[in-house]
Amino acid sequence: MRTAFIGAYGYGNLGDELCLIEAMQEFPLRGSEAFAFTQNPEWTHRCVPGLASTFATLDEMLGFAPERVVYGGGGIGGRADFEEYLPWMAAAMDQGIPVHIHNIGVARIGGEGWPHPLLRRVLENLASFTVRDHRSVDMVAEWGVSVIPGVTRYPERNIEAHTDLADAILPRDRPLLGISIINTNQMARCLAHDAPVVRRLLDHFPDHAIIPICSTLHVDSSEEDDGRGFLRFQDLFLRERDVLCPQLTDRSFWASEVTPRRLKGIVSRLDTLISQRKHNCIHGLGAGTPTIGLSPMEDDSVRRVFVTLANQLPPGSNCIGLEEAREPA
């Protein structure tokens with residue numbers, strides 16, 4: 001079964017390629033071939049072994065004559081992505097190719113021009129439709145279509161870890177605390193406003209060495225640069241702490257050595273993970289690592305993970321919301 005996978009692949013977010021690995025398992029190839037959209041073929045091939053080839057345009061995708069199309073992976077449930085790829089899905093349907101939407105997280109979408117004119121036709125003719133969490137089901141219901149997606153509950157958490165990189169760089173003689181922080185202005189305001197909350201949290205781990213956990217060094221967004229986010233957090237809260245493996249924040253090392261499975265291998269060796277990055281939380285929860293989500297109260301992305309997986313949280317796991325400073329009225 002020749003399959004084309006559409007998603008936010010090749011942009012420098014290992015969480016997206018993690019979802020592609022899971023999608024290829026959910027839609028097995030049965031001796032045929034997998035093709036994926038990507039902005040960086042070399043990187044996606046390294047992260048996702050088993051791809052036959054990649055494409056960057058609709059015409060290239062259709063040129064592979066896929067027997068099915070799977071749309072999913074990463075932050076693919078927002079307005080910009082739907083507006084980009086609904087025409088791709090409609091074009092595949094017009095050629096009689098079954099289309100699946102798989103394991104997406106959906107954002108609240110509204111405003112002028114929504115729903116997209118192709119939305120109803122595509123959603124009501126899908127071969128299958130699943131989302132990650134029940135909140136996404138609610139968001140889809142707001143679009144007024146007669147489709148109720150199934151809920152997958154973050155199946156990428158079960159992807160097997162590779163521990164070779166962890167074995168090479170992590171010490172075995174001391175407790176390890178992983179830190180993963182997104183480099184957004186909103187998070188910076190939260191860290192400034194709720195700094196006492198963060199310091200009290202870190203005080204619970206006085207003897208732990210700190211390991212930077214970076215799943216995203218985006219190709220064109222400084223706000224999606226976990227290396228910068230960690231270094232800013234280090235400057236605010238970790239000046240007196242022992243920080244190990246700084247190469248994990250370095251773009252060249254990260255791009256050549258870190259893969260979704262290797263990153264999970266590192267997370268699996270931690271004693272505790274503190275993370276604002278959703279897929280690092282998913283790595284931690286899937287690996288059985290006590291995981292503490294730390295994110296702005298106004299952003300429910302991380303909170304959705306903990307609510308959805310509430311019955312499978314490793315002991316010591318929770319989710320902490322931070323308030324951000326407000327401008328005077």
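Distance alone, capped at 3.5 Å, is enough to place a donor-acceptor pair between the T3 side chain and the M1 backbone. The main-chain N or O of T308 is never found under 3.5 Å from a side-chain atom of R135 such that the two would form a donor-acceptor pair. Panel note: side chain T57, backbone E60; a donor-acceptor pair is recorded below 3.5 Å. The backbone N or O of V267 lies less than 3.5 Å from a partner atom in the side chain of T289, making a donor-acceptor pair. Side-chain N or O atoms of T216 include none that pairs as donor or acceptor with a backbone N or O of H218 at under 3.5 Å. Remark: side-chain polar atoms of D226 are not paired, donor with acceptor, to backbone N or O of L217 under 3.5 angstrom. Panel note: side chain S136, backbone V106; a donor-acceptor pair is recorded below 3.5 Å. Of the possible donor and acceptor atoms, none in the side chain of D16 sits under 3.5 Å from a partner among the backbone N and O of Y9. E26 places no side-chain N or O within 3.5 Å of a backbone atom of E22 that could act as its donor or acceptor partner. With hydrogens and angles disregarded, a donor-acceptor distance shorter than 3.5 Å links the side chain of R46 to the backbone of A255.
Evaluation of the ring-ring contact (aromatic ring centres under 6.0 Å, His included) test over residues 225-265, restricted to residues two or more places apart or in two chains, returns W43-W254, F233-F237. The ring-ring contact (aromatic ring centres under 6.0 Å, His included) analysis of residues 90-132, with sequence neighbours excluded, yields the pairs F27-H100, F27-H102, W114-W143.
Pairing each heavy atom of T291 with each of C281, the nearest pair is CG2-CA, 3.8 Å. A pairwise comparison of heavy atoms in C245 and P212 identifies O-CG, 3.5 Å as the closest pair. Between S180 and R277, the shortest heavy-atom contact is OG-CB, 3.2 Å. Shown here for R241 and L202, the closest heavy-atom pair between the two residues is NH1-O, 3.7 Å. Considering every non-hydrogen atom in both D167 and R269, the closest pair reads OD1-NH1, 3.3 Å. Counting all heavy atoms, side chain and backbone alike, G77 lies closest to I104 at CA-CD1, 4.3 Å.
Side-chain heavy atoms closer than 4.5 Å link hydrophobic residues (I, L, V, M, F, W, Y) into clusters, and following such links, even through other members, never connects L176 to I179. The hydrophobic cluster containing L236 also contains I292, counting ILVMFWY residues as joined when their side-chain heavy atoms lie under 4.5 angstrom apart, directly or transitively. Following chains of ILVMFWY side-chain contacts shorter than 4.5 Å, one cannot reach L170 starting from L238, and the two form parts of different hydrophobic clusters.
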Trace of the side-chain contact (heavy atoms from CB on, under 4.5 Å) decision for V198 with L322: CA-CA 9 Å; V198 178; L322 301 179; 4.3 Å; yes
Verdict with reasoning, R262 to D164, per salt bridge (charged side-chain N to carboxylate O under 4.0 Å, His left out): CA-CA 7 Å; R262 281 181 157 186; D164 56 332; 2.7 Å; yes
CA sep, side-chain torsions, deciding dist, call: T38, L51, side-chain contact (heavy atoms from CB on, under 4.5 Å): CA-CA 11 Å; T38 180; L51 285 173; over 6 Å; no
Evaluation steps, side chain to side chain donor-acceptor pair (under 3.5 Å), between N103 and E156: CA-CA 9 Å; N103 189 38; E156 63 270 27; 2.9 Å; yes
S53 and E33: CA distance, side-chain angles, deciding distance, side-chain contact (heavy atoms from CB on, under 4.5 Å) verdict: CA-CA 8 Å; S53 190; E33 296 175 310; over 6 Å; no
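Annotation for L29: hydrophobic cluster partners, listed by chain and number, are none (ILVMFWY side-chain heavy atoms under 4.5 Å, direct or chained). Counting side-chain heavy-atom gaps under 4.5 Å among Ile, Leu, Val, Met, Phe, Trp and Tyr, the cluster of I282 also holds Y154, L285, V302, V305, F306, L309, L313.
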Distance-only donor-acceptor hits, side chain of residues 82-98, under 3.5 Å, sequence neighbours excluded:
{"unit_1": "E83", "atom_1": "OE2", "unit_2": "R79", "atom_2": "NE", "d": "2.7"}
{"unit_1": "E83", "atom_1": "OE2", "unit_2": "R79", "atom_2": "NH2", "d": "3.3"}
{"unit_1": "D94", "atom_1": "OD1", "unit_2": "R121", "atom_2": "NH1", "d": "3.1"}

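Look at D203 and R200 and you find no salt bridge, because none of the NZ, NE, NH1 or NH2 atoms lies under 4.0 Å from a carboxylate O. Using a 4.0 Å cut-off between charged side-chain N and carboxylate O, R261 and E17 make no salt bridge. Using a 4.0 Å cut-off between charged side-chain N and carboxylate O, D138 and R108 make no salt bridge.
The salt bridge (Lys or Arg N to Asp or Glu O under 4.0 Å) check on R251 picks up D225, with sequence neighbours excluded.
Looking at I213 and L270, their side chains come closer than 4.5 Å, going by heavy atoms from C-beta outward.
Of the N and O atoms on the side chains of D250 and S252, at least one donor lies less than 3.5 Å from an acceptor on the other residue. Looking only at atom types and distance, the side chain of D299 has no donor-acceptor partner in the side chain of Q186 under 3.5 Å away.
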